[in-house]
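Encoded as structure tokens, the structure appears first; notes follow it.
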Amino acid sequence: MSNKATLQYGDKTYEFPVITGTENESAIEIGKLRAQTGLITYDEGYKNTGVTQSAITFLDGELGILRYRGYNIEELAGKASFVEVMYLVLYGELPTKAQLAAFENELTMHTLVHENLVKVFEVFPSRSHPMGQLMTMLSTLSSFYPESLNPNIKPEETNLTIIRLLAKMPTICAMIQKKGKGHPILYPQNKYDYVTNFLYMTFGNVSEEYVADPVIVDAMNKLLILHADHEQNCSAATVRIVGSSHANLYASIAAGVAALWGPRHGGANQEVLEMLEDIRDNYNGDVEKVVQEVKDRKRMLMGFGHRVYKNFDPRAKIIKVACDNILAKLGVNDPLLDIAKKLEQAALNDPFFVERKLYPNVDFYSGIIYKALGFPTQMFTVLFALGRLPGWISQWKEMRERKEDIGRPRQVYTGPTERPFVNIEDRK
Ligand code: ACO
């Protein structure tokens, strides 16, 4: 096949290079389109626009494939720890034993946050949403490490910023939950690994010895791995575009948290649980009635549909099985799981969903697991952010290493054409 694409416009023909990735996905490079033809491309919501060449994550929405650095998500979720996957996503290779030990040690050495950062929590009203707190805390970190504001620091200094952020994220997330409950915060303990430390700080109690439940540690590792990266989604694209202005890492990641918060993106995991509770409490579990309301456009089916997956979301498949196993192991019998399964079946058998290729996404079952593990609903999207952090950082790092230009889309202007200024006394 030709590595050029031809465009005929007016009485002229133009040629544009076609670039092809390692999985044979091809793209027409249109950087010179406007200079040559006066045209720009128009693609609302970037449905069909590639903005970078990335070596981190591959996904095929038609076949339901997701790989980090070439490794299938099913294998990673089954065989690796979250810290191994963090290393893989960030540095491109699975760590050796020595590399993993060194990485874990680095992460352990930076888990504490400055005491003044803890004081920032005092200003939040008791009902403030955890995602708003997380955004604030992450951007506030830049005040404690002003050297990170310099975009020209050496790679090893950037790496220290990355380690600090990864190490402090579980501490901050756990503090948000503790503060929300009005409980004293717990400081990180160096004897624990990354995930266990997070669970200890979140569920431990100052007055009792903490005993980690291996079922919960394993479930948490799996969930975090499944969320670790997802190529150019709304939040990752946000992190990249904010970082492309040479904004510091903390600010760029805080912007990613803002993007993730929305109910059409990561905020859907909270909305799914609230929807299932609504079906239990106000519909007496009648999922057919809810499906009909969705078809009548009265509501969205949260946790369903995906911009890229037009086949099963592979993460949802893994989470569904994990959900059954974890609830069984923990001895939890949650009627919401039955409602979720019935709802899924009702939707998958309905032509409305079949024709639109709407399948459960990663958020459909994750909330039921988080609930079983003991997290309050408002914390769900924070957990998504905790998992996604290595992905966002890798996207930011790659963008900087590629020395990408500042992100600056164009538009087709549809407002008024030039008109004279009207003095205030003459305005109608
Ligand atoms: N419930 C009901 N109808 C839906 C849903 C849904 N969850 N999702 C899509 N549709 C319908 C649309 O109304 C549209 O119908 P139409 O062609 O008759 O107008 C059709 O399916 C195609 O939908 P689009 O809006 O074109 O899909 P898009 O790719 O733009 O949106 C999105 C994807 C935002 C994820 C959407 O499916 C959605 O809002 N889902 C619910 C929220 C959710 O679960 N978000 C989490 C996504 S995964 C993640 O971010 C981690």
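Because the structure is predicted, anything quoted here is derived from the model rather than measured.
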Any idea which heavy atoms bring M300 and V294 closest together, and the distance? C-CG2, 4.2 Å
Sequence neighbours left out, what passes side chain to side chain donor-acceptor pair (under 3.5 Å) with Y365? Give chain and number order. E344
Is the shortest heavy-atom distance from the side chain of E122 to the side chain of K179 under 4.5 Å? yes
Check: T140 and L117 side chains under 4.5 Å, non-hydrogen atoms: yes
For the residue pair F312 and Y359, categorise the inter-ring angle as parallel (less than 30°), tilted (30 to 60°) or perpendicular (more than 60°). tilted
Name the atoms and distances for all side-chain donor-acceptor pairs under 3.5 Å in residues 56-64, with sequence neighbours left out.
residue : atom : partner : partner atom : Å
T57     : OG1  : D229    : OD2          : 2.6
D60     : OD1  : E62     : N            : 2.9
D60     : OD1  : L63     : N            : 3.0

Between N105 and T108: side-chain donor-acceptor atoms closer than 3.5 Å: no
Give the table of side-chain donor-acceptor pairs shorter than 3.5 Å for residues 381-393, with sequence neighbours excluded, one pair per line with atom names and distance.
residue : atom : partner : partner atom : Å
T381    : OG1  : N269    : OD1          : 3.0
R388    : NE   : H227    : O            : 2.6
R388    : NH2  : H227    : O            : 3.4
W392    : NE1  : S235    : OG           : 3.0

How many angstroms lie between CZ in R164 and CD1 in I162, if you round to the nearest 0.5 Å? 12.0 Å
Is N233 reaching over with its side chain to a backbone N or O of E231, donor-acceptor style, under 3.5 angstrom? yes
Within a 6.0 Å radius of atom CD1 on I28, are there more than 12 heavy atoms belonging to other residues, nucleotides or ligands? no
When you compare the side chain of L165 with that of H110, does any pair of heavy atoms fall below 4.5 Å? no
Taking ring-ring contact (aromatic ring centres under 6.0 Å, His included) as the test, write out the residues that go with F144, two or more places apart. H114
According to the interplanar angle, ranging from 0 to 90°, do the rings of F103 and Y91 count as parallel (below 30°), tilted (30 to 60°) or perpendicular (above 60°)? perpendicular
Q189 and Y187: side-chain hydrogen bond (donor to acceptor under 3.5 Å, both in side chains), yes or no, with the steps? CA-CA 7 Å; Q189 292 272 345; Y187 287 92; over 6 Å; no
Please report the interatomic distance OG1(T377) to CD(E277), rounded to the nearest 0.5 Å. 5.5 Å
Is there a donor-acceptor pair under 3.5 Å between the side chain of N72 and the backbone N or O of R67? no
Which heavy-atom pair separates R400 from H246 by the least distance, and what is that distance? NH2-CA, 2.9 Å
What distance do T49 atom OG1 and K47 atom NZ have between them, rounded to the nearest 0.5 Å? 10.5 Å
For K32 versus F16, what's the shortest heavy-atom pair and its separation? C-CE2, 4.3 Å
Backbone N/O of V89 and side chain of R69: donor-acceptor pair under 3.5 Å: yes
Are D278 and R299 close enough for a salt bridge, meaning some N to O gap below 4.0 Å? yes
Between E157 and K154, is there a donor-acceptor pair closer than 3.5 Å when you use the side chain of the first and the backbone of the second? yes
Closest heavy-atom contact between P130 and I176? CB-CG2, 3.5 Å
Check for a donor-acceptor pair, side chain of D313 on one end and backbone N or O of P360 on the other, with a separation under 3.5 Å. no
Looking only at heavy atoms, the pair that brings V239 and S252 closest together is CG2-O, 3.5 Å
I'd like to check L39 versus I30 (side-chain heavy atoms, cut-off strictly below 4.5 Å). Are they in contact? no
Any side-chain to backbone donor/acceptor pair from S244 onto I241? Under 3.5 Å, distance only. yes
Run the salt bridge (charged side-chain N to carboxylate O under 4.0 Å, His left out) test on E404 and R402 for me, step by step, so that the C-alpha distance in whole Å, both residues' side-chain angles and the decisive distance to 0.1 Å come before the verdict. CA-CA 5 Å; E404 288 182 7; R402 295 185 78 238; 2.6 Å; yes
Is it the case that Q232 and Q395 place a side-chain donor and acceptor less than 3.5 Å from each other? yes
Are any of the side-chain heavy atoms of I368 and L276 separated by less than 4.5 Å? yes
With a 3.5 Å cut-off and no angle check, do the side chains of Q99 and T96 form a donor-acceptor pair? yes
If you round to the nearest 0.5 Å, how far is CZ of F380 from CD of E274? 9.0 Å
Does the plane of the ring in F304 sit parallel, tilted or perpendicular to the ring in F364? Use 30° and 60° as the thresholds. perpendicular
Min side-chain heavy-atom separation R315-H306 under 4.5 Å: yes
Determine whether a donor-acceptor pair (N or O, by modelled atom type, separation under 3.5 Å) exists between the side chain of K371 and the backbone of P376. no
Once side chain to side chain donor-acceptor pair (under 3.5 Å) is applied, do any residues pair with N152, and if so which ones, sequence neighbours excluded? none
Has E293 got more than 12 heavy atoms of other residues, nucleotides or ligands less than 6.0 Å from its CD? yes
Pair S26-T20, side-chain donor/acceptor within less than 3.5 Å: yes
Treating N349 as the side-chain partner and Q345 as the backbone partner, does any N or O pair qualify as donor plus acceptor under 3.5 Å? yes
Measuring from atom CG of L88 to atom CG of L76, what distance do you get when rounded to the nearest 0.5 angstrom? 6.0 Å
Let me see the working for K329 and D218 under salt bridge (charged side-chain N to carboxylate O under 4.0 Å, His left out), right down to the final yes or no. CA-CA 11 Å; K329 278 188 192 162; D218 185 57; 5.1 Å; no
H230/H265 aromatic ring centres below 6.0 Å: no
NZ/NE/NH1/NH2 to OD/OE distance under 4.0 Å, K317 and E74: no
I'd like to know if the side chain of N3 reaches the main chain of V18, judged simply by a donor and an acceptor atom lying under 3.5 Å from each other, with no hydrogens or angles considered. no
Output the distance between atom CG (L90) and atom NZ (K397), rounded to the nearest 0.5 Å. 6.0 Å
Whether the side chain of N248 engages the backbone of Y250 through a donor-acceptor N/O pair (distance < 3.5 Å, no angle test) should be reported. yes
According to ring-ring contact (aromatic ring centres under 6.0 Å, His included), who are the partners of Y210, at least two apart in sequence or on a separate chain? Y200
Name the orientation class of the two ring planes belonging to F121 and F124 (parallel below 30°, tilted from 30 to 60°, perpendicular beyond 60°). perpendicular
Report yes if some heavy atom in the side chain of L330 is under 4.5 Å from a heavy atom in the side chain of V332; otherwise report no. yes
If you look at every heavy atom in S245 and V242, which pair is closest and at what distance? OG-O, 2.8 Å
